[in-house]
Every structure is written in structure tokens, then in C-alpha cells.
Amino acid sequence: MKLFTYWRSQAAYRVRIALGLKGLAMEKVTLDLLAGDQFAADYHALNPEGVVPTLIDGEGEPLTQSLAILEYLDEKYPDPPLLPKELRARAHARAIAQLVAMDAHPFIVPRVRKYLEEELHLDEATRTRWVRHWLDQGSRAVEEVLARDPRTGKFCVGDQPTVADICLAAHLTSAKLFGGRDPADYPVAGRIYANCMAIEAFSAEHPLRQPDTPK
């Protein structure tokens with residue numbers, strides 16, 4: 001199994017966590033998104049969108065989009081499961097995952113930051129405020145969801161990690177890396193984050209522990 005990844009990518013971190021939870025070994029191929037490695041012709045042939053992650057599993061076609069990859073992994077390698085058994089709980093876990101992965105994350109990716117810089121001519125301080133704003137918006141929303149829902153337990157939905165926790169951990173880690181609020185600033189989400197980071201699959205694949213993390 002080969003994963004094309006970037007140290008600070010939330011999406012790639014999600015897949016690394018899932019592979020770790022499933023006990024699946026991976027070969028990491030690191031791309032420097034700031035240098036434009038994702039636009040090289042050989043990578044474009046695998047992922048025309050020019051983003052990470054891309055997962056190669058055997059001889060089949062490349063797999064793209066982190067949430068789709070998580071669902072694929074859960075269907076092909078079902079133990080341990082990444083979704084609850086009960087129908088509404090499964091929908092709830094997906095909703096939490098999408099809240100941060102689809103509603104907050106897209107605003108801060110490298111191509112958006114590059115557009116803000118090169119096309120709108122926003123300086124670095126303004127771009128940083130933009131990133132922190134959208135990360136905090138997502139964090140505050142997911143905190144409220146978790147705080148009011150009776151299904152919140154040790155993790156986002158009960159007492160076992162799911163896709164919701166994978167996405168939450170990647171989101172709060174990203175916020176911290178961009179100099180935003182600490183996970184502990186959100187009482188419920190921060191507690192769940194600490195529980196996630198006590199699991200090897202989450203902590204070992206942390207962005208600051210990747211082979212391409214800048215020194």
C-alpha cells in the first residue's frame with residue numbers, strides 16, 4: 001500500500017490515522033505541496049486534481065479524497081470499524097467528520113492560500129487571520145455539537161474512535177500548527193482530542209513526526 005502524503009495535510013493525516021488504526025503498513029511518498037510537486041506530470045496521471053492524499057492499494061485504480069478512502073478502507077478492512085453499528089449513529093459520525101473536513105478545511109488548503117496571496121494580494125498576516133478564522137469557526141461548531149449530544153462519550157460518538165475522531169484530530173492539530181487556538185480551549189473537543197492522541201495511530205502519524213516535516 002502506497003500513500004502520497006504531505007506532512008501538514010489534514011486530509012493525508014486522516015488517511016494515515018485510519019491505516020494505523022487498521023494495522024495496515026504503508027509506503028509513504030512525500031510531496032512538497034508548497035513547491036508544487038503535486039502538479040508534476042506523473043502525479044497528475046494519478047490524481048488530476050493535484051491534491052493529496054492518493055492511495056495505491058494493489059493493482060487497482062488510485063484512490064483519492066480522504067473521506068472516500070476512509071470508507072473504502074472500512075469496507076475492505078472492517079476490523080476495527082471506523083463507523084458505529086447503529087444507523088443514526090453512523091450518520092452522526094459522518095456529519096461530525098464532514099463538519100470539519102468539508103466545511104472548514106477547504107478554506108485553508110495551499111491552493112486557496114496561494115490564490116489569496118497571488119490574485120488578491122493579501123499579505124501574510126491577513127492570510128493567517130483568514131486561516132485561523134475558518135479553523136476556529138469549525139472548532140466552535142463541532143464543540144457545540146459534541147457538548148449537546150448525548151451520544152458523545154470518550155470519543156465523538158461513543159467510546160470507540162470513528163471517522164469523526166479522525167477528522168476532529170486532524171482539524172484541531174491543523175489549528176494548532178497554524179498558531180490558532182489550542183485544542184484544550186474547547187472543553188469537550190479538547191478532551192476527545194487528548195483521548196485520540198493517547199492512541200498510537202493518532203500520535204505516531206502526527207504531522208510533526210513525518211519524514212518530510214521541516215526541521
Exercise. Is there a side-chain contact between Ile166 and Leu21, using heavy atoms and a 4.5 Å cut-off?
Worked result: yes

Seminar exercise, completed: Residues pairing under salt bridge (Lys or Arg N to Asp or Glu O under 4.0 Å) where one sits in residues 82-101, two or more places apart or in two chains, turn out to be Glu71-Arg94

Exercise. Is a side-chain N or O of Tyr13 found less than 3.5 angstrom from the main chain of Cys167, in a donor-acceptor match?
Worked result: no

Exercise. Going hydrophobic residue to hydrophobic residue with side-chain gaps under 4.5 angstrom, can you get from Leu70 over to Ile199?
Worked result: yes

Exercise. Do Leu146 and Cys156 come close enough that some side-chain heavy atom pair is under 4.5 Å?
Worked result: yes

Problem set entry | Check: Leu83 main-chain N/O paired with Thr162 side-chain donor or acceptor under 3.5 Å | no

Problem set entry | side chain to side chain contact (heavy atoms under 4.5 Å, CB included) assessment of His206 paired with Thr173 | CA-CA 8 Å; His206 189 283; Thr173 297; 3.5 Å; yes

Exercise. Just by distance, with hydrogens left out, do Gln160 and Lys154 show a side-chain donor and acceptor under 3.5 Å apart?
Worked result: no

Exercise. Tell me, which pairs form a ring pair (Phe, Tyr, Trp, His ring centres under 6.0 Å) where one or both residues lie in residues 32-86, sequence neighbours left out?
Worked result: Phe4-Tyr43

Exercise. Do Met1 and Leu19 come close enough that some side-chain heavy atom pair is under 4.5 Å?
Worked result: yes

Problem set entry | CD (Glu117) with more than 12 external heavy atoms under 6.0 Å | yes

For this session: Taking all non-hydrogen atoms of both residues into account, name the closest pair between Val163 and Ala93 and its distance.
Result: CG2-O, 4.0 Å

Exercise. Got a second to check how far Arg14's CZ is from Leu168's CG, nearest 0.5 Å?
Worked result: 11.0 Å

Problem set entry | Steps toward side chain to side chain contact (heavy atoms under 4.5 Å, CB included) verdict (Val109, Val51) | CA-CA 9 Å; Val109 295; Val51 298; over 6 Å; no

Seminar exercise, completed: Looking only at heavy atoms, the pair that brings Ala169 and Met197 closest together is CB-CE, 4.3 Å

Problem set entry | Thr30 side chain to Pro211 backbone, donor-acceptor under 3.5 Å | no

Problem set entry | Distance-only polar pair, side chains of Asn47 and Thr64, donor-acceptor under 3.5 Å | no

Problem set entry | Polar side chain donor-acceptor pair, Arg181 to Ser139, under 3.5 angstrom | no

Problem set entry | Side-chain heavy-atom pair Asp165, Ile17 within 4.5 angstrom cut-off | no

Exercise. Between Leu120 and Tyr115, does a side chain to side chain contact (heavy atoms under 4.5 Å, CB included) hold up when you go through it step by step?
Worked result: CA-CA 7 Å; Leu120 301 185; Tyr115 184 86; 3.9 Å; yes

Exercise. Between Asp74 and Lys22, is there a salt bridge with N-O shorter than 4.0 Å?
Worked result: yes

Exercise. In terms of hydrophobic clusters joined by side-chain contacts under 4.5 Å, are Leu172 and Phe178 together?
Worked result: no

Exercise. Considering only heavy atoms from C-beta outward, does the side chain of Thr128 approach that of Val131 to under 4.5 Å?
Worked result: no

For this session: Show your reasoning for whether side chain to side chain contact (heavy atoms under 4.5 Å, CB included) applies to Tyr186 and Asp136.
Result: CA-CA 10 Å; Tyr186 308 97; Asp136 184 53; 2.4 Å; yes

Exercise. Is there a donor-acceptor contact under 3.5 Å from the side chain of Asp37 to the main chain of Leu31?
Worked result: no

For this session: Please determine if Glu49 and Arg111 form a salt bridge, counting it only when a charged side-chain N lies under 4.0 Å from a carboxylate O.
Result: yes

Exercise. With no hydrogens and no angle check, is any side-chain donor or acceptor of Trp130 less than 3.5 Å from a backbone partner on Ile108?
Worked result: no

Exercise. Do Arg8 and Ser174 have side chains that get closer than 4.5 Å, going by heavy atoms?
Worked result: no

For this session: State, to 0.1 Å, how close His105 and Ala101 come at their nearest heavy-atom pair, and which atoms those are.
Result: CB-O, 3.5 Å

Problem set entry | Under-4.0 Å salt bridge between Glu205 and Lys28 | yes

Exercise. What is the distance from atom CZ of Phe155 to atom CZ of Arg191, rounded to the nearest 0.5 Å?
Worked result: 9.5 Å

Seminar exercise, completed: Between the CG atom in Leu46 and the CG atom in Leu63, the distance rounded to the nearest 0.5 Å is 11.0 Å

Exercise. Does any donor atom in the side chain of Asp182 or Tyr193 lie under 3.5 Å from an acceptor atom in the other side chain?
Worked result: no

Problem set entry | NZ (Lys76) with more than 12 external heavy atoms under 6.0 Å | yes

For this session: Determine whether Arg16 and Met26 make a side-chain contact, defined as any pair of heavy atoms from C-beta on separated by less than 4.5 Å.
Result: yes

Exercise. Shared ILVMFWY cluster between Val52 and Leu177, side chains joined below 4.5 angstrom?
Worked result: yes

Problem set entry | For Pro53 against Ala11, the heavy-atom pair lying closest together | CD-CB, 3.6 Å

Problem set entry | Close side-chain approach of Gln38 to Tyr6, heavy-atom, < 4.5 Å | no

Seminar exercise, completed: Of all heavy-atom pairs linking Leu99 and Asp103, the shortest is O-CB, 3.1 Å

Exercise. Taking the side chain from Glu143 and the backbone from Val188, do they hold a donor-acceptor pair closer than 3.5 Å?
Worked result: yes

Exercise. When rounded to the nearest 0.5 angstrom, what is the spacing between CD1 in Ile192 and OG1 in Thr152?
Worked result: 5.5 Å

For this session: Would you mind checking if Asp123 and Arg127 are paired as a salt bridge, meaning a charged N to carboxylate O distance below 4.0 Å?
Result: no

Exercise. Can you name the nearest heavy-atom pair linking Ala12 to Leu3, along with the distance?
Worked result: O-CD2, 4.4 Å

Seminar exercise, completed: The reported gap from CZ in Arg113 to CD in Glu124 (rounded to nearest 0.5 angstrom) is 10.0 Å

For this session: Calculate, to the nearest 0.5 Å, the distance between atoms CD and OG belonging to Gln10 and Ser66 respectively.
Result: 9.0 Å

For this session: State yes or no: do Val100 and Phe202 share one hydrophobic cluster built from I, L, V, M, F, W and Y residues joined by side-chain heavy-atom distances below 4.5 Å, directly or via other members?
Result: yes

Exercise. Taking a hydrophobic cluster as the set of Ile, Leu, Val, Met, Phe, Trp and Tyr residues connected by side-chain heavy atoms closer than 4.5 Å, whether directly or through intermediates, do Met102 and Val112 fall within one such cluster?
Worked result: no

